[in-house]
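Below, read A as the first sequence line, B as the second, and so on, with proteins coming before strands; counting in each chain starts at 1.
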Amino acid sequence: NAGVTQTPKFQVLKTGQSMTLQCAQDMNHEYMSWYRQDPGMGLRLIHYSVGAGITDQGEVPNGYNVSRSTTEDFPLRLLSAAPSQTSVYFCASSTTGTGLEKLFFGSGTQLSVL
Amino acid sequence: DAKTTQPNSMESNEEEPVHLPCNHSTISGTDYIHWYRQLPSQGPEYVIHGLTSNVNNRMASLAIAEDRKSSTLILHRATLRDAAVYYCILRRNYGGSQGNLIFGKGTKLSVKP
């Protein structure tokens, strides 16, 4: 099983550029989420989705957009990259968004904004 | 959101048991106790979770206090590969935003050969 797949693994952007981080899962999970992790820190929630067509903001949503047109895909868009968005980004999914279910994480995208 | 408290770091010797504590004094009745670990340069990995009873799987055991205000992740024989940051997180069973995992800084486990 592929699980949760994130692309690209590494990306360098210039300030002001836009890009999309891709996340796909093949487990038919309803719940998906995006986190960022800064050096020496825990993960912080950016956006999440409880099903196709439904998204909501997490703890640090500013500067990011998401959409969920299919169950499988949950892309994260940076509209105008800033150096403060330099971080490692993780996508996660679970069958539902309830405590009974465990989360599966992707391997991450390391983003540098110059 | 209910919070958890973990020691910043712990050390263990290879092939010895490791007990990683977690306090969650404000836990509610619908909160599941989740443990994840993050190996260097990797995404978090699920370890174990439980509600009230102790749980065992191939990776670890989870011991939950009777009042549920604390729990302990037990690695029965630590290996060098177990060196990681371990996160104890509460996940509410309601779904929606209440099902989001809120990460703290976790416990960095070092394993000495």
Count the heavy-atom pairs under 4.5 Å between each of A:Gln6, A:Gln37, A:Gln57 and chain B, then report the option with the highest count. A:Gln37
Modelled atom types, side-chain donor and acceptor of B:Ser70 and B:Asn23, under 3.5 Å: no
Indicate yes or no for a side-chain donor-acceptor contact from B:Asn54 to the backbone of B:Ile64 under 3.5 Å, with no hydrogens or angles considered. yes
B:Thr79: which residues meet the side-chain contact (heavy atoms from CB on, under 4.5 Å) condition with it, sequence neighbours left out? B:Arg81, B:Asp82
Quick one: is the NZ or CZ of B:Arg91 closer than 6.0 Å to the six-membered ring centre of A:Tyr31, and within 45° of its axis? yes
Determine which residues belonging to residues 99-114 of chain A lie within contact range of chain B, meaning some heavy atom pair is under 4.5 Å apart, and list them by number or answer 'none'. A:Gly99, A:Leu100, A:Glu101, A:Lys102, A:Leu103, A:Phe105, A:Gly106, A:Ser107
For A:Tyr89 and A:Tyr64: C-alpha separation, side-chain torsions, deciding distance, then whether side chain to side chain donor-acceptor pair (under 3.5 Å) applies. CA-CA 12 Å; A:Tyr89 292 84; A:Tyr64 307 95; 2.7 Å; yes
Measure A:Ser49 against the heavy atoms of chain B and call it side chain, backbone, both or neither at under 4.5 Å. neither
Relative to chain A, which of B:His34, B:Gln42, B:Glu45 shows the most heavy atom pairs under 4.5 Å? B:His34
Does B:Tyr32 offer a backbone N or O that forms a donor-acceptor pair with the side chain of B:His49 under 3.5 Å? no
Tell me yes or no: between the side chains of B:His24 and B:Ser71, is some donor less than 3.5 Å from an acceptor? yes
B:Ile33, part contacting chain A, at a heavy-atom distance under 4.5 Å: neither
Interface residue of largest heavy-atom contact number with chain A, from B:Gly43, B:Pro44, B:Gly50, under 4.5 Å: B:Pro44
Donor-acceptor contact present, side-chain B:Gln6 to main-chain B:Lys105, <3.5 Å: no
